[in-house]
Amino acid sequence: MQNLVIRRPRIKDINAYNEFFDVVLKDTFEKNGVIGLYDVYEKEIKKEKIEFLNEDLETDGKKRYILLATTNDKLVGTASYGPSNNDINKCTNNELKDLIEIGTVFVHPEYQKKGIGSLLLNHIYAELNKKGIKEFCLDSGYKNAQEVWTKKFGIPQYKFKNYWGKDANYMIWKVKLEDVFK
């Protein structure tokens, strides 16, 4: 994609980040057939993403590391890594609590299926590799994302049926970094 830049966030990105999640969360809920839950979860999920951004900015990426994809100064994608989340820890009886979790991988609906998510992930993998991190985990409750992760990483090590409601499963993958470079 022309003029695509992968970079770290800056304080001046906060408003664009908020606007980005307004769009992508609604689109994600619609595409996954859970738009009825949008109002209930939107504030909680969006709040979490803003907290992640603040953690990144306050610690210069040491607590939470975020990458942004921009084109012509428009935010079109995000990806991050940080400590494994509460759901992962609860569902795995803390088996993955010491692993880094890759998360917040979202691409603006107008820019999906153009390789932006994969490019962001490749940058995250390179950063993990540079830091000597050998394994990571990731989770998903969105059906569309679960299909993507299953294609990339195979069958999840953990699957919880109806975790988020009827037919809304929760999946968790544990991945060796060396496997993503094969």
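The first residue in the sequence is number 1, and the count goes up from there.
Annotation: the span from Asn122 atom CG to Leu67 atom CG amounts to 11.0 Å, rounded to 0.5 Å. To the nearest 0.5 Å, atoms CD1 (Ile172) and CD (Glu95) are separated by 9.5 Å. Separating the CD1 atom in Ile50 from the OH atom in Tyr17 is a distance of 6.5 Å, to the nearest 0.5 Å. Taking NZ of Lys49 as the start and CZ of Phe21 as the end, the distance is 6.0 Å to the nearest 0.5 Å. Atom CD1 in Ile14 sits 12.5 Å away from atom NZ in Lys12 (nearest 0.5 Å). Note that CD1 of Ile102 and CG of Asp139 are 11.5 Å apart. Values are rounded to the nearest 0.5 Å.
Within the structure, every pair that satisfies the salt bridge (charged side-chain N to carboxylate O under 4.0 Å, His left out) test and touches residues 67-85, not counting sequence neighbours, is listed here: Lys74-Glu110. The side chain to side chain donor-acceptor pair (under 3.5 Å) analysis of residues 145-157, with sequence neighbours excluded, yields the pairs Ser118-Lys152.
Between the side chains of Tyr163 and Asp87, at least one donor N or O lies within less than 3.5 Å of an accepting N or O. With hydrogens and angles left out, the side-chain atoms of Ser84 and Asn89 include a donor and acceptor closer than 3.5 Å.
Put simply, the side chain of Val5 does not reach to within 4.5 Å of the side chain of Thr71, judged on heavy atoms. Taking the side chain as every heavy atom from C-beta outward, Glu135 and Lys174 approach each other to under 4.5 Å. Here the side chains of Glu101 and Pro83 are not in contact, with every heavy-atom distance at 4.5 Å or above. The shortest distance between side-chain heavy atoms of Phe181 and Asn129 falls below 4.5 Å. Contact of the Leu96 side chain with the Tyr158 side chain is registered, since non-hydrogen atoms from C-beta on lie closer than 4.5 Å. Between Tyr81 and Thr104, every side-chain heavy-atom pair lies at or beyond the 4.5 Å cut-off. With contacts defined as side-chain heavy-atom distances shorter than 4.5 Å, the pair Pro109/Val23 qualifies. No side-chain heavy atom of Lys31 sits under 4.5 Å from any side-chain heavy atom of Lys26.
Qualifying ring pair (Phe, Tyr, Trp, His ring centres under 6.0 Å) partners for Phe20, counting only residues two or more places apart in sequence or in other chains: none. Partners of Leu119 under the side chain to side chain contact (heavy atoms under 4.5 Å, CB included) rule, at least two apart in sequence or in another chain, are Leu4, Ile6, His123. In this structure, Asp98 has no side chain to side chain contact (heavy atoms under 4.5 Å, CB included) partners at least two apart in sequence or on a different chain. Residues satisfying the ring pair (Phe, Tyr, Trp, His ring centres under 6.0 Å) criterion with Phe160, sequence neighbours excluded, are absent altogether.
Lys62 and Asp56 are not joined by a salt bridge, as no carboxylate oxygen comes within less than 4.0 angstrom of a charged side-chain nitrogen.
Of all non-hydrogen atoms in Ile88 and Cys137, the two that sit nearest each other are CD1-SG, 3.9 Å. For Ile100 against Ile133, the heavy-atom pair with the smallest separation is CG1-CD1, 3.8 Å. Among all heavy-atom pairs drawn from Leu120 and Ala79, the shortest one is CB-CB, 3.9 Å. The minimum heavy-atom distance between Leu57 and Pro9, with the atom names listed, is CD2-O, 3.7 Å. Minimum heavy-atom separation, Ile66 to Leu68: CG2-CD2, 3.9 Å. Here the shortest heavy-atom pairing between Cys91 and Tyr170 reads SG-CE2, 3.8 Å.
Here the side chain of Glu55 pairs no donor or acceptor atom with the backbone of Lys63 at under 3.5 angstrom. In this structure a side-chain-to-backbone donor-acceptor pair under 3.5 Å is missing from Asn3 to Asn72.
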Output, in order, the C-alpha distance, side-chain angles, deciding distance and verdict of side chain to side chain contact (heavy atoms under 4.5 Å, CB included) for Leu75 and His108. CA-CA 8 Å; Leu75 179 57; His108 191 285; over 6 Å; no

Check the pair Arg8, Tyr65 against side chain to side chain contact (heavy atoms under 4.5 Å, CB included), reporting the backbone distance first and the verdict last. CA-CA 8 Å; Arg8 300 271 297 119; Tyr65 184 90; 3.4 Å; yes

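Hydrophobic clustering (ILVMFWY, side-chain heavy atoms < 4.5 Å, transitive): Ile155 and Val180 are in distinct clusters.
Screening Asp27, Val76, Thr78 for a side chain to side chain contact (heavy atoms under 4.5 Å, CB included) with Phe106, the sole residue that qualifies is Thr78.
By the neighbour-count criterion of 12 heavy atoms within 6.0 Å, atom CG of Asn86 is sparsely surrounded, having that number or fewer from other residues, nucleotides or ligands.
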